[in-house]
Protein chains: 2
Amino acid sequence: PEWQIVERDGIMQLERVFKFPNFQQALDFTYKVGQLAEEADHHPALLTEWGKVTVTWWSHKIKGLHKNDFILAARTDEVAA
Amino acid sequence: PEWQIVERDGIMQLERVFKFPNFQQALDFTYKVGQLAEEADHHPALLTEWGKVTVTWWSHKIKGLHKNDFILAARTDEVAA
């Protein structure tokens, strides 16, 4: 599944599920996306489970989506590639 | 907050939120708990956000809680200590 725009508690968010063959690869992906987030000083929610990571980007300050979220979503895809 | 038993989609789960002063420390905690999970071959859901990680343990096979979940919850606390 590609990126989807979801609304939670009135906040628009950009979300994508990345699939992996095991837990370790999911965990490693989480860590890499986390490092990307630190470098960008923009932080997603990362839900790590066996075989998948759900990445959710949104801009806390504006309680919605900003251009930055779409840029970080594209960079997340590069981490997965 | 300590561990709480929650029910989601009819599945009992053991959940605790761990707080941190920043994103990096939350991410590092996620990675450590993930390594613990790999060693135990029992895998939680780990929701990493800025300043907090929500850890959720349950036994997928029985769709509920097993002694193992409580053991892993205690070991998660040791990682946080």
Side-chain angles (χ1 to χ4, degrees), chain A residues 6-66 68-69 71-73 75-76 79-80, chain B residues 6-66 68-69 71-73 75-76 79-80:
Chain A
V6 297
E7 189 177 333
R8 284 204 190 85
D9 301 325
I11 298 172
M12 302 278 270
Q13 303 179 320
L14 200 51
E15 187 165 281
R16 181 172 178 177
V17 178
F18 293 87
K19 297 281 182 74
F20 301 93
N22 54 44
F23 184 82
Q24 185 65 52
Q25 286 185 42
L27 183 64
D28 289 342
F29 177 74
T30 291
Y31 200 83
K32 284 180 195 163
V33 175
Q35 286 177 307
L36 164 69
E38 276 290 274
E39 286 163 19
D41 196 22
H42 190 55
H43 299 93
L46 298 167
L47 176 60
T48 311
E49 297 173 273
W50 197 98
K52 67 176 177 176
V53 177
T54 305
V55 180
T56 309
W57 292 101
W58 76 99
S59 293
H60 301 247
K61 279 183 191 169
I62 62 169
K63 293 188 178 182
L65 290 171
H66 180 270
N68 214 20
D69 297 299
I71 292 169
L72 270 297
R75 293 184 62 189
T76 303
V79 173
Chain B
V6 297
E7 189 178 332
R8 285 205 189 86
D9 301 326
I11 299 172
M12 302 276 272
Q13 303 179 320
L14 199 52
E15 187 165 282
R16 182 172 177 177
V17 177
F18 293 87
K19 296 281 182 73
F20 300 93
N22 55 45
F23 184 82
Q24 185 66 52
Q25 285 185 42
L27 183 65
D28 288 342
F29 177 73
T30 290
Y31 199 82
K32 285 180 195 164
V33 175
Q35 287 178 305
L36 164 68
E38 276 290 275
E39 287 163 20
D41 196 23
H42 190 57
H43 300 93
L46 299 166
L47 176 60
T48 310
E49 297 173 273
W50 197 97
K52 69 177 176 177
V53 177
T54 305
V55 181
T56 310
W57 291 101
W58 76 99
S59 293
H60 301 247
K61 280 183 189 169
I62 62 168
K63 294 189 178 180
L65 291 170
H66 179 270
N68 213 20
D69 297 300
I71 292 169
L72 270 297
R75 293 183 63 188
T76 303
V79 174

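Chain A is the first sequence line, chain B the second, and so forth, proteins listed ahead of strands; every chain is numbered from 1. All of these numbers come straight from a predicted model, not from anything done at the bench. In what follows, every heavy atom counts, from backbone to side chain, and hydrogens, waters and symmetry copies are set aside.
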Are there donor-acceptor pairs under 3.5 Å across chain A and chain B? List atom names and distances.
unit_1, atom_1, unit_2, atom_2, d
A/Q24, NE2, B/Y31, OH, 3.3
A/D28, OD1, B/Y31, OH, 3.1
A/Y31, OH, B/Q24, NE2, 3.3
A/Y31, OH, B/D28, OD1, 3.0
A/L46, N, B/T48, O, 2.9
A/L46, O, B/T48, N, 2.8
A/T48, N, B/L46, O, 2.8
A/T48, O, B/L46, N, 2.9

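Scored by the ring pair (Phe, Tyr, Trp, His ring centres under 6.0 Å) test, B/F20 finds B/F29 as partners (sequence neighbours excluded).
Across every non-hydrogen atom of B/F23 and A/A37, the tightest pair is CE2-CB, 4.2 Å. Nearest heavy atom pair, residue A/L47 against residue B/A45, reads CD1-CB, 4.1 Å.
Within the 4.5 angstrom heavy-atom criterion, no atom of B/A26 approaches chain A.
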